[in-house]
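Single-structure report; data block below.
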Amino acid sequence: GDQEAGEMGLAAVPGRQAAFRQGLAAAVQYAPPLGCPRIHLMAGRVPLGADRAAVACEMETTFIENLRYAAGLLAQEDMIGLVEPINNRITDPRYYLNTPHQAAAILEKVGRPNLKLQLDLFHCQIMDGNLSRNLETYFPLIGHIQIAQVPGRHEPDSPGELNFPYIFELLESLGYTGYVGCEYAPKGDTMEGLGWLRTYWESRGLQHGGTNKAAE
């Protein structure tokens with residue numbers, strides 16, 4: 001959408017279906033050369049001045065319509081579409097899709113196997129907490145994980161609410177084999193800020209890069 005006009009994605013915004021499809025077509029064109037098999041289909045914001053409850057039904061209908069269209073187009077390229085709940089308590093008060101529960105309900109209504117949940121644990125913790133149970137409950141729907149410490153949205157080993165070594169072990173026990181996206185703001189230098197990852201690898205008996213020492 002038009003970020004300068006305050007848009008944050010278009011998939012659930014009534015009246016912007018044509019622009020959504022145009023943006024999706026461009027994304028599908030760029031993704032394969034970049035080796036990117038997944039595209040985040042951003043829901044968008046509740047229109048300025050509108051009451052969330054009053055437009056909820058129309059926005060859900062628009063979202064489902066656009067997601068079904070996107071699923072068909074992405075299937076032709078063997079790609080996955082992702083929907084991400086973004087918290088409306090801190091990050092974006094007007095964002096339409098807020099919780100994994102809402103996202104799961106919409107994905108069920110859409111009913112397309114190549115649409116998945118992009119679960120950002122930062123947003124999930126702020127909106128609902130209960131991360132262990134939510135990861136277990138929604139694991140079959142998850143297509144991508146993102147992380148950041150709460151509430152500062154910095155490195156996983158920065159002070160905050162989340163125990164990331166426990167969360168990583170839980171993801172492994174659930175059988176998660178996808179990427180974990182580090183969507184946080186480094187407190188300082190990016191490379192120095194990755195020290196948490198080196199420490200985590202060493203705690204698991206791994207070399208830098210995730211190679212098992214015993215195997216070598």
Side-chain angles (χ1 to χ4, degrees), residues 1-31 34 36-77 79-128 134 138 141-148 150 153 181 183-185:
D2 185 349
Q3 290 188 326
E4 292 185 2
E7 291 181 328
M8 184 81 166
L10 297 173
V13 181
R16 298 285 277 142
Q17 288 91 328
F20 169 78
R21 295 185 181 196
Q22 183 179 7
L24 176 63
V28 168
Q29 186 175 13
Y30 277 109
L34 296 173
C36 179
R38 295 171 177 82
I39 290 181
H40 177 193
L41 306 167
M42 299 189 73
R45 291 172 166 151
V46 173
L48 195 62
D51 177 74
R52 179 181 290 270
V55 299
C57 183
E58 184 182 10
M59 292 192 73
E60 180 177 292
T61 299
T62 301
F63 202 18
I64 291 172
E65 172 192 329
N66 280 330
L67 289 178
R68 285 177 177 160
Y69 173 85
L73 183 62
L74 293 173
Q76 297 174 24
E77 304 293 335
M79 296 175 67
I80 299 292
L82 301 169
V83 297
E84 178 189 12
I86 295 177
N87 81 82
N88 65 348
R89 291 177 174 164
I90 297 175
T91 301
D92 195 331
R94 288 172 43 217
Y95 201 75
Y96 168 71
L97 190 67
N98 302 138
T99 70
H101 319 294
Q102 181 191 9
I106 287 172
L107 288 174
E108 183 177 2
K109 292 178 181 178
V110 173
R112 298 293 188 272
N114 66 329
L115 296 183
K116 297 289 185 178
L117 174 63
Q118 179 169 306
L119 192 64
D120 188 318
L121 300 187
F122 174 82
H123 299 303
C124 189
Q125 171 71 1
I126 289 170
M127 293 301 294
D128 192 54
N134 279 329
Y138 298 114
L141 295 176
I142 292 174
H144 186 55
I145 294 283
Q146 291 177 321
I147 59 169
V150 178
R153 206 167 188 176
E183 193 173 83
Y184 59 75

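Throughout, numbering of the chain's residues begins at 1 and tracks the sequence.
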Checklist entry - Roughly how far, to the nearest 0.5 Å, is CD of Glu108 from CD1 of Ile64? => result 10.5 Å
Contacts under 3.5 angstrom, residues 42-54 side chains, donor-acceptor by atom type, not counting sequence neighbours:
unit_1 : atom_1 : unit_2 : atom_2 : d
Arg45  : NE     : Asp92  : OD1    : 3.2
Arg45  : NE     : Asp92  : OD2    : 2.8
Arg45  : NH1    : Gly6   : O      : 2.6
Arg45  : NH2    : Asp92  : OD2    : 3.0
Asp51  : OD2    : Ala53  : N      : 3.3
Asp51  : OD2    : Ala54  : N      : 3.0
Arg52  : NH1    : Tyr95  : O      : 3.0
Arg52  : NH1    : Tyr96  : O      : 3.4
Arg52  : NH1    : Asn98  : OD1    : 3.2
Arg52  : NH2    : Pro93  : O      : 2.9
Arg52  : NH2    : Tyr95  : O      : 3.0

Checklist entry - Looking only at heavy atoms, what is the nearest atom pair of Pro100 and Pro85, with distance? => result N-CG, 3.8 Å
Next on the checklist: Ignoring hydrogens, what is the shortest heavy-atom contact between Cys36 and Arg38? Give both atom names and the distance.
Outcome noted: SG-O, 3.0 Å
Checklist entry - Among all residues two or more places apart in sequence or in another chain, which pass the side chain to side chain contact (heavy atoms under 4.5 Å, CB included) test with Ala148? => result Phe122, Arg153, Tyr184
Checklist entry - Which atom pair, heavy atoms only, marks the closest approach of Leu41 to Gly81? => result CD1-CA, 3.9 Å
Checklist entry - Roughly how far apart are Asn88 CG and Met127 CE, rounded to 0.5 Å? => result 4.0 Å
Checklist entry - Are the side chains of Arg68 and Arg112 in touch, meaning some heavy atoms are under 4.5 Å apart? => result yes
Next on the checklist: Please report the interatomic distance CG(Asn134) to CG(Asp128), rounded to the nearest 0.5 Å.
Outcome noted: 4.5 Å
Item to check | Results of side chain to side chain contact (heavy atoms under 4.5 Å, CB included) for Ala19 - residues two or more places apart only | outcome: Leu10, Arg16
Item to check | Minimal non-hydrogen separation, Ile142 against Leu119, with atom names | outcome: CD1-CD2, 3.9 Å
Next on the checklist: Using every non-hydrogen atom in the two residues, find where Asn114 and Ala71 come nearest and quote the distance to one decimal.
Outcome noted: ND2-O, 3.0 Å
Checklist entry - Looking at CG of Asp120 and CD of Gln146, how far apart are the two atoms once the value is rounded to the nearest 0.5 Å? => result 4.5 Å
Next on the checklist: If you apply the rule side-chain contact (heavy atoms from CB on, under 4.5 Å), what do you find for Leu74 with Val28, and how did you get there?
Outcome noted: CA-CA 7 Å; Leu74 293 173; Val28 168; 3.7 Å; yes
Next on the checklist: So, taking the atom named CG in Leu107 and the one named CG in Leu115, what distance separates them when rounded to the nearest 0.5 Å?
Outcome noted: 6.5 Å
Next on the checklist: Run the salt bridge (charged side-chain N to carboxylate O under 4.0 Å, His left out) test against Glu58 and tell me which residues pass, sequence neighbours left out.
Outcome noted: none
Next on the checklist: Are Leu73 and Leu24 packed together at the side-chain level, in the sense that at least one heavy-atom pair is separated by less than 4.5 angstrom?
Outcome noted: yes
Checklist entry - Who passes salt bridge (charged side-chain N to carboxylate O under 4.0 Å, His left out) against Glu84, sequence neighbours left out? => result none
Item to check | Gln17 side chain vs Gly15 backbone, donor-acceptor pair below 3.5 Å | outcome: yes
Checklist entry - Hey, does Ile39 have a side-chain heavy atom less than 4.5 Å from the side chain of Met79? => result yes
Checklist outcome for this item: Rounded to the nearest 0.5 Å, the CG atom of Leu34 sits from the CD atom of Gln29 at a distance of 11.0 Å
Checklist entry - Taking only residues two or more places apart in sequence or in another chain, which ones pass ring-ring contact (aromatic ring centres under 6.0 Å, His included) with His40? => result none
Next on the checklist: I'd like to check Val55 versus Pro14 (side-chain heavy atoms, cut-off strictly below 4.5 Å). Are they in contact?
Outcome noted: no
Item to check | Close side-chain approach of Val83 to Ile106, heavy-atom, < 4.5 Å | outcome: no
